[in-house]
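First the structure, in the form of structure tokens, and then the observations on it.
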Protein chains: 2
Amino acid sequence: MRYHRIPDESVRRLPLYLRALLFATHDRESISSGALADVVGVNSWQIRKDFSYFGELGTRGVGYNIEKLKKHIRKILKLDVLHKAVLVGAGKLGSAVLLHRGFSVYGFDITAVFDNDPKKIGRKLGDTVIQSVSSLHTLKRRNIDVGIIAVPGDVAQQTVDALVKTGVKGILNFSPSYISVPKKVKVLTIDIAMDLARLPYYMPRNHGAG
Amino acid sequence: MRYHRIPDESVRRLPLYLRALLFATHDRESISSGALADVVGVNSWQIRKDFSYFGELGTRGVGYNIEKLKKHIRKILKLDVLHKAVLVGAGKLGSAVLLHRGFSVYGFDITAVFDNDPKKIGRKLGDTVIQSVSSLHTLKRRNIDVGIIAVPGDVAQQTVDALVKTGVKGILNFSPSYISVPKKVKVLTIDIAMDLARLPYYMPRNHGAG
DNA sequence: CAGTGTGAACAGTTTCACAGCA
DNA sequence: TGCTGTGAAACTGTTCACACTG
């Protein structure tokens with residue numbers, strides 16, 4: 001089956017595997033699909049299938065070499081190069097995201113922060129001075145890949161439009177609204193409230209099915 | 001096709017529809033699948049299919065009555081009753097989540113906050129006094145549905161175990177680790193860094209396919 | 001006649017069972 | 001012997017075209 005297109009659902013699981021490989025303490029050089037399965041909560045055959053999409057990577061009877069596997073997943077996900085990101089929106093959620101520490105391990109560097117509140121502009125958030133959103137255009141030619149937006153829903157679209165003009169190719173959207181972008185730009189939306197809203201469906205009401 | 005099991009992917013989209021119906025300004029009583037499609041970024045036939053799973057709801061030639069639709073989606077998602085939630089972990093992310101305002105519209109009320117940092121215990125976060133995680137057990141019989149955890153990965157499992165003992169039926173997990181729970185408890189995990197890690201895969205490297 | 005509802009074709013994903021190899 | 005790699009089957013979800021109806 002060598003060199004197949006990788007299904008989106010497999011791509012969704014790759015960061016999960018990578019996270020486990022990065023953070024688990026490994027006394028061994030190799031890990032089997034079964035052992036990895038226990039750590040990530042995915043079936044072993046699903047893991048093997050996922051890995052099989054990028055060629056024969058494991059050793060029969062042994063498992064997968066951990067370093068090789070990390071390297072391979074990073075390459076597939078294009079995390080083998082540094083990605084520069086900017087944050088727009090220095091409110092509670094934006095601040096939490098910026099200070100989150102945990103992006104760097106995947107090769108992301110948040111190099112600038114923007115807000116439209118005059119009281120915040122010039123103040124520091126972590127090591128970064130907050131700039132006015134009106135100076136977003138200065139980002140052109142600074143090789144920024146990724147925009148992270150954490151602004152109110154009603155200004156999300158205009159914020160994204162400005163970001164797209166600076167040349168970002170991907171946007172992580174924490175704003176609670178649908179935004180439209182040119183086809184060449186990829187948006188991933190995380191709406192915490194919406195995810196929470198999906199939870200009760202799966203909870204038994206009193207006793208009975210969900 | 002009346003009274004079919006609702007596919008998980010449809011359930012995933014329901015909060016999206018509900019969000020649009022709640023926040024859009026409606027001059028009309030009804031909305032067509034096409035108009036809703038423009039607002040949420042989902043095809044009109046997908047929307048009609050999703051709605052068809054819960055019986056005939058629309059009026060041919062007109063569309064869907066907005067109030068009726070909201071009510072119906074809320075009922076399906078079990079958002080028609082108030083859900084009491086607690087937060088464990090009053091760090092940056094936890095605080096942002098608590099102060100987020102936007103859960104209440106879906107019928108959630110965060111009634112208590114816990115942390116294990118002695119410096120934080122007794123201080124207020126919003127209107128809520130932070131309590132010690134060691135007093136989590138006092139929640140039993142207080143009708144708490146949902147636990148939200150935003151603690152470091154290495155204490156996530158023990159935090160969840162304590163929460164499960166208090167009787168929560170659903171957990172929203174912001175900790176970057178896989179947690180295991182009894183079958184009767186549903187976990188949804190949001191790992192911001194992992195989502196960000198998935199973004200570059202879909203971005204063109206220089207020019208070319210993603 | 002505008003817009004819903006849906007069977008049927010199609011596409012994508014997961015599961016299984018087991019051959020193949022270190 | 002233990003664990004990978006993978007076709008094929010089973011399952012799940014999406015798209016389409018159009019009959020139907022207020």
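Below, read A as the first sequence line, B as the second, and so on, with proteins coming before strands; counting in each chain starts at 1. Because the structure is a prediction, the values reported are computed rather than measured.
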Over how many whole Å does the gap from A/Leu57 atom CG to C/dA22 atom C1' extend?
-> 16 Å
When you match A/Ser33 and B/Trp45 each to their closest nucleotide on DNA chain D, which lands nearer the 5' end?
-> A/Ser33
Salt bridge flag under 4.0 Å for residues A/Asp50 and A/Arg13 = yes
How close or far is atom P of D/dT12 from atom CZ of B/Arg5, stated in whole angstroms?
-> 7 Å
From CD1 of A/Ile66 across to P of D/dC3 the rounded distance in Å is 14 Å
Within the structure shown, what part of the strands sits under 4.0 Å from A/Arg13 by heavy-atom distance: base, sugar-phosphate, or nothing?
-> sugar-phosphate
Where each residue is assigned the nucleotide of DNA chain C containing its nearest heavy atom, which of B/Val62 and A/Arg48 is assigned the position nearer the 5′ end?
-> B/Val62
Distance from A/Asn173 atom CG to A/Asp191 atom CG, nearest 0.5 Å?
-> 8.5 Å
Sugar-phosphate only, base, or nothing, as touched by B/Gly61 at under 4.0 Å among non-hydrogen atoms | base
Using the ring of each side chain (for Trp, its six-membered ring), is A/His72 parallel, tilted or perpendicular to A/Phe54, with breaks at 30° and 60°?
-> parallel
Closest to the B/Glu56 side chain, choosing from C/dT6, D/dC3, D/dG13 = C/dT6
Closest nucleotide of DNA chain C for A/Gln46 versus for B/Phe51: which of these residues is on the 5' side?
-> B/Phe51
State whether B/Tyr64 places a side-chain N or O below 4.0 Å from either non-bridging phosphate oxygen (OP1 or OP2) of C/dG5.
-> yes
Please tell me which of the listed nucleotides, C/dT13, D/dT14, D/dT4, lies nearest to the side chain of A/Asp8?
-> C/dT13
Over how many whole Å does the gap from B/Glu29 atom CD to D/dG22 atom P extend?
-> 18 Å
CG of A/Asp38 versus P of D/dC3: gap in Å, rounded?
-> 12 Å
Which whole-number value in Å describes the distance from A/Tyr53 OH to C/dG12 P?
-> 12 Å
Using a strict 4.0 Å threshold on nitrogen-to-oxygen distance, state whether A/Arg142 and A/Asp145 make a salt bridge.
-> no
To the side chain of A/Arg60, which of C/dG5, D/dT6, C/dA22 is closest?
-> C/dA22
Side chains of B/Tyr202 and A/Asp8: donor-acceptor distance under 3.5 Å anywhere?
-> yes
Are A/Asn43 and C/dT14 close enough that a side-chain N or O sits under 4.0 Å from OP1 or OP2?
-> no
Rounded interatomic separation in angstrom, taking CG from B/Asp50 and P from D/dT14 = 7 Å
To the nearest angstrom, how far is A/Leu36 atom CG from D/dC3 atom P?
-> 14 Å
